[in-house]
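See structure below.
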There are 2 protein chains.
Amino acid sequence: MRDATLRDVASRAGVSIRTVSNVVNGYAPVSDALRAKVETALTELDYRPNLIARNLKQGRSGMLCLVVPELDVPYFAELARAVIAAGRRHGYAVMVDQTDADPSRERELLTRNSRLTLFDGLILSPLTLSAQELRERGNKTPVVLLGEHLFDGSFSHVAIDNVAAARDATAHLISLGRTRIAAIGDQPYRTGETAQLRTAGYRQALEHAGLPYDPALVRPTERFHRRLGATAATALMALPHPPDAIFCYNDLLAMGALRGLRSAGVRVPDDVAVIGIDGIEEGEFSTPSLSTVVPDKQQIATLAVESLVALIEGGTPPAPAEVRAAHTLLPRESTLGAI
Amino acid sequence: MRDATLRDVASRAGVSIRTVSNVVNGYAPVSDALRAKVETALTELDYRPNLIARNLKQGRSGMLCLVVPELDVPYFAELARAVIAAGRRHGYAVMVDQTDADPSRERELLTRNSRLTLFDGLILSPLTLSAQELRERGNKTPVVLLGEHLFDGSFSHVAIDNVAAARDATAHLISLGRTRIAAIGDQPYRTGETAQLRTAGYRQALEHAGLPYDPALVRPTERFHRRLGATAATALMALPHPPDAIFCYNDLLAMGALRGLRSAGVRVPDDVAVIGIDGIEEGEFSTPSLSTVVPDKQQIATLAVESLVALIEGGTPPAPAEVRAAHTLLPRESTLGAI
DNA sequence: CACGATGTCTGCATCGTTGCAGAGCGGTTA
DNA sequence: TAACCGCTCTGCAACGATGCAGACATCGTG
């Protein structure tokens with residue numbers, strides 16, 4: 001059966017539509033007698049407001065959309081939890097979508113009639129979208145970007161300092177006395193990528209310690225997944241001069257590396273120390289537990305939502321801001337050991 | 001600036017609103033001359049349709065909502081990916097929300113003016129909601145339930161056979177020659193829970209093998225998280241007669257158990273064999289890798305979306321169906337060893 | 001030339017809600 | 001008694017789109 005509308009309730013209660021609306025929303029003063037009649041009719045008809053109509057009238061939906069490449073990458077799942085919480089604090093429901101890390105899916109978001117129009121704002125963690133594509137989109141929903149990707153100043157944008165994070169991770173390995181430090185996760189073929197910033201940080205740390213940069217120790221990976229980490233670690237150990245430490249560009253690569261090393265009979269951290277970035281919970285329980293650099297996901301989420309809400313609600317849209325979130329080094333078993 | 005509407009485009013192109021709408025949607029035949037004029041105006045004004053208005057008129061949004069307790073529980077993240085894919089195949093965008101496993105958040109979904117009205121349908125994996133609460137909700141969006149929770153016949157519902165899954169897992173441990181088999185994850189205080197079905201399967205397997213049931217070996221846990229698995233495993237090993245195998249009610253508990261055992265100096269699988277349920281990718285890369293019972297997430301997602309779409313689009317709503325998805329035993333290192 | 005058939009295009013009503021302006025009414029004040 | 005106030009309540013218009021019925025022009029046919 002059709003849902004009851006304000007009109008149905010009004011005719012049943014013998015009042016005007018407007019009065020029913022007032023009762024439902026608690027707007028204007030309504031006499032007790034009428035209110036009672038209306039409320040009876042409301043429950044009898046099991047009325048519930050049509051939010052689409054309300055949204056149309058009010059020009060907003062109260063919903064934000066968070067788009068990440070892959071939800072089953074724990075970092076994004078943990079981030080999503082934080083963003084959902086931050087959204088709630090600002091009175092917005094956050095719905096999450098993923099693009100499967102598929103460029104065409106990412107571009108779909110920018111389409112004329114993307115479903116995103118239904119949302120008041122968009123928090124996007126892009127993987128392959130270029131700044132230009134984003135600027136030229138046929139879609140004016142307010143956007144805040146996550147991650148180090150594209151910062152040409154057109155959009156507000158929240159991220160940790162990836163160069164510093166990578167430097168900290170590498171420096172930590174160096175502080176253990178390791179000298180042949182490998183890196184897994186470079187992506188030299190993309191522009192503006194997180195990966196390249198992390199490579200820069202890695203090299204800075206080497207340089208600062210006076211260690212040589214050996215390109216053979218830097219393994220690119222197409223994506224940041226466990227399996228690729230395992231493969232890369234195995235390949236590294238097969239080198240004539242294998243490394244004594246590995247910096248992985250994220251924790252998932254590191255989890256794979258731990259596994260690959262173990263299968264190769266390499267002891268961690270005794271033979272090879274391993275560190276990642278992301279601070280996912282999984283690394284706390286692995287064997288050995290994983291040292292990592294933890295981005296402050298709470299802070300990232302809060303800053304992103306605050307920026308977005310400012311864009312949405314602000315009379316004068318604030319200038320696009322580049323916001324830095326904090327990160328912390330978290331040493332665990334995978335880098336245990338005296339200097 | 002205000003977004004351009006059909007009216008704006010129409011007045012600029014000197015045609016009727018209706019004609020612009022026809023051009024945008026490719027509905028009626030439009031002469032080339034007019035079409036060109038309209039399309040010029042469309043691009044000049046950067047028109048994009050207001051989906052809220054369209055949805056209001058058409059009475060549908062083309063979006064489904066998937067609600068899970070916690071996105072950072074890998075099983076749910078992996079399931080979400082499958083549901084999103086299945087939704088796309090049917091022409092729906094799937095947006096994901098989580099309740100933080102918070103009963104009040106779950107109940108919020110059923111509220112009069114829950115944001116869910118914006119969606120054409122709801123796929124819900126409830127944690128604490130009772131069947132009655134669901135039936136009495138003030139919200140008529142079509143629903144399909146996931147997981148073994150509440151099957152009083154009011155709703156369509158997709159799940160694996162949890163009793164059989166637990167039986168298979170336990171039987172696998174027994175087939176290794178283990179005789180003191182513990183269980184982590186019972187939840188005796190809730191009604192109709194997945195956990196209780198798994199306990200039933202566990203006991204069936206013991207009984208079938210003629211093994212005694214020892215309540216001391218069954219550890220309840222409030223939730224299915226790594227830390228609780230670690231704690232429970234540690235406690236089990238402190239018993240006067242510790243177990244030689246542990247069946248964990250999900251993989252996350254098992255990951256915690258592996259870690260707890262390792263910290264206690266227990267070797268897996270030599271001293272204690274471990275198995276979980278869920279088939280999360282994390283278990284493939286842990287040390288040791290985790291034996292598990294894998295629910296067919298693709299199938300669960302496909303069946304759930306198909307049921308929901310049938311509810312939404314079907315002229316005659318099909319009767320609520322109970323659908324069983326397949327599961328498979330996947331032995332890995334954590335249960336390696338001769339019988 | 002009259003007629004109907006076809007092909008384009010338009011205006012009105014409508015989806016369900018809320019904003020706005022004001023109607024009706026009882027009571028207070030001068 | 002007139003003027004005014006405040007409290008309730010109402011009707012109309014509007015949000016931006018689409019469904020529908022029909023207007024109008026053009027064309028072919030008898």
Side-chain angles (χ1 to χ4, degrees), chain A residues 1-39 41-42 45-62 112-115 117-120 139-141, chain B residues 1-39 41-42 45-62 112-115 117-120 139-141:
Chain A
M1 205 201 66
R2 218 186 84 260
D3 282 350
T5 71
L6 281 185
R7 190 202 316 282
D8 301 329
V9 178
S11 80
R12 176 167 194 121
V15 300
S16 78
I17 295 181
R18 193 58 250 223
T19 298
V20 180
S21 172
N22 285 339
V23 170
V24 170
N25 295 295
Y27 276 175
V30 177
S31 68
D32 290 347
L34 264 203
R35 176 183 306 279
K37 267 206 295 188
V38 170
E39 273 170 355
L42 280 173
L45 293 180
D46 190 20
Y47 170 79
R48 66 201 168 87
N50 180 321
L51 293 195
I52 302 196
R54 181 179 288 174
N55 290 349
L56 172 60
K57 185 65 187 165
Q58 299 187 331
R60 61 184 300 272
S61 68
R112 274 252 139 71
N113 42 13
S114 149
R115 295 244 161 70
T117 349
L118 289 169
F119 297 88
D120 294 341
N139 180 306
K140 291 173 201 132
T141 319
Chain B
M1 204 201 69
R2 216 185 85 259
D3 282 349
T5 71
L6 280 186
R7 190 202 316 282
D8 301 329
V9 178
S11 81
R12 177 166 194 124
V15 299
S16 77
I17 294 181
R18 192 58 251 219
T19 298
V20 180
S21 171
N22 285 339
V23 170
V24 170
N25 296 295
Y27 276 177
V30 177
S31 69
D32 290 348
L34 265 204
R35 176 184 306 280
K37 268 206 294 189
V38 171
E39 273 171 354
L42 280 173
L45 294 179
D46 192 20
Y47 169 80
R48 65 198 170 91
N50 180 321
L51 294 193
I52 302 195
R54 181 180 288 172
N55 291 349
L56 171 61
K57 184 63 187 166
Q58 299 187 331
R60 63 185 297 273
S61 68
R112 273 252 141 72
N113 43 11
S114 148
R115 294 244 161 72
T117 347
L118 289 170
F119 297 88
D120 294 341
N139 180 306
K140 290 173 203 133
T141 319

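Order of the sequence lines sets the chain letters (A, B, ...), proteins ahead of strands, with each chain counted from 1.
- The shortest heavy-atom contact between A:Pro49 and B:Thr117 is O-CG2, 4.1 Å.
- The distance between atom CG of A:Leu51 and atom P of C:dC15, rounded to the nearest whole Å, is 18 Å.
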Letter per nucleotide, 5' to 3', of nucleotides 22-27 of chain C [B base touched, S only sugar-phosphate touched, - untouched; heavy atoms, 4.0 Å]: ------
Stepwise side chain to side chain contact (heavy atoms under 4.5 Å, CB included) test for B:Gln58 and B:Leu51: CA-CA 10 Å; B:Gln58 299 187 331; B:Leu51 294 193; over 6 Å; no
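- Distance B:Gln58 CD to D:dG16 C1': 12 Å, rounded to the nearest Å.
- A distance of 7.0 Å separates CD1 in A:Ile17 from OG1 in A:Thr5, rounded to the nearest 0.5 Å.
- Of the possible polar contacts, none joining the A:Asp120 side chain to the A:Arg60 backbone as a donor-acceptor pair under 3.5 Å is found.
- Taking A:Asn50 as the reference, nothing meets the side chain to side chain donor-acceptor pair (under 3.5 Å) condition, with sequence neighbours excluded.
- Note: CG (B:Asn50) to P (D:dC15) measures 11 Å, nearest angstrom.
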Worked check of side chain to side chain contact (heavy atoms under 4.5 Å, CB included) between A:Tyr47 and A:Leu6: CA-CA 8 Å; A:Tyr47 170 79; A:Leu6 281 185; 3.5 Å; yes
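- Note: CG (A:Asp8) to P (C:dT17) measures 9 Å, nearest angstrom.
- Residues that satisfy the side-chain contact (heavy atoms from CB on, under 4.5 Å) test with A:Arg18, not counting sequence neighbours, are A:Ser16, A:Ser21, A:Asn22, A:Tyr27.
- With sequence neighbours left out, A:Leu34 forms a side-chain contact (heavy atoms from CB on, under 4.5 Å) with A:Val15, A:Thr19, A:Val30, A:Ser31, A:Lys37.
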From CA spacing to verdict: side chain to side chain contact (heavy atoms under 4.5 Å, CB included), B:Ile52, A:Leu118: CA-CA 6 Å; B:Ile52 302 195; A:Leu118 289 169; 3.5 Å; yes
List every contact pair, protein side and nucleotides 8-13 of chain C side both N or O, where the distance is under 3.5 Å.
residue : atom : partner : partner atom : Å
C:dC9   : OP1  : B:Ser31 : OG           : 2.6
C:dC9   : OP2  : B:Ser31 : N            : 2.6
C:dC9   : OP2  : B:Ser31 : OG           : 3.4
C:dT10  : OP2  : B:Ser16 : N            : 3.1
C:dT10  : OP2  : B:Ser16 : OG           : 3.2
C:dT10  : OP2  : B:Thr19 : OG1          : 2.5

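- Rounded to an integer number of Å, the gap from CD1 of B:Ile52 to P of D:dC15 is 15 Å.
- The interatomic distance linking A:Leu6 (CG) with C:dT14 (C1') rounds to 16 Å, in whole Å.
- Spacing between atom CZ of B:Arg54 and atom C1' of D:dG19 amounts to 14 Å, rounded to whole angstrom units.
- Residue-level contact check: A:Asn55 touches neither bases nor backbone, having no heavy atom under 4.0 Å from any strand.
- Side-chain atoms of B:Asn55 and B:Ser61, non-hydrogen and from C-beta on, do get closer than 4.5 Å to each other.
- In the helix from C:dC1-D:dG30 to C:dA30-D:dT1, the rotation axis of the first five pairs and that of the last five pairs differ in direction by 60°, rounded to 10 degrees.
- Nearest nucleotide to the A:Arg7 side chain, out of D:dC15, C:dC15, C:dT17: C:dC15.
- Evaluation of the salt bridge (Lys or Arg N to Asp or Glu O under 4.0 Å) rule for B:Arg12 yields B:Glu44 as partners, not counting sequence neighbours.
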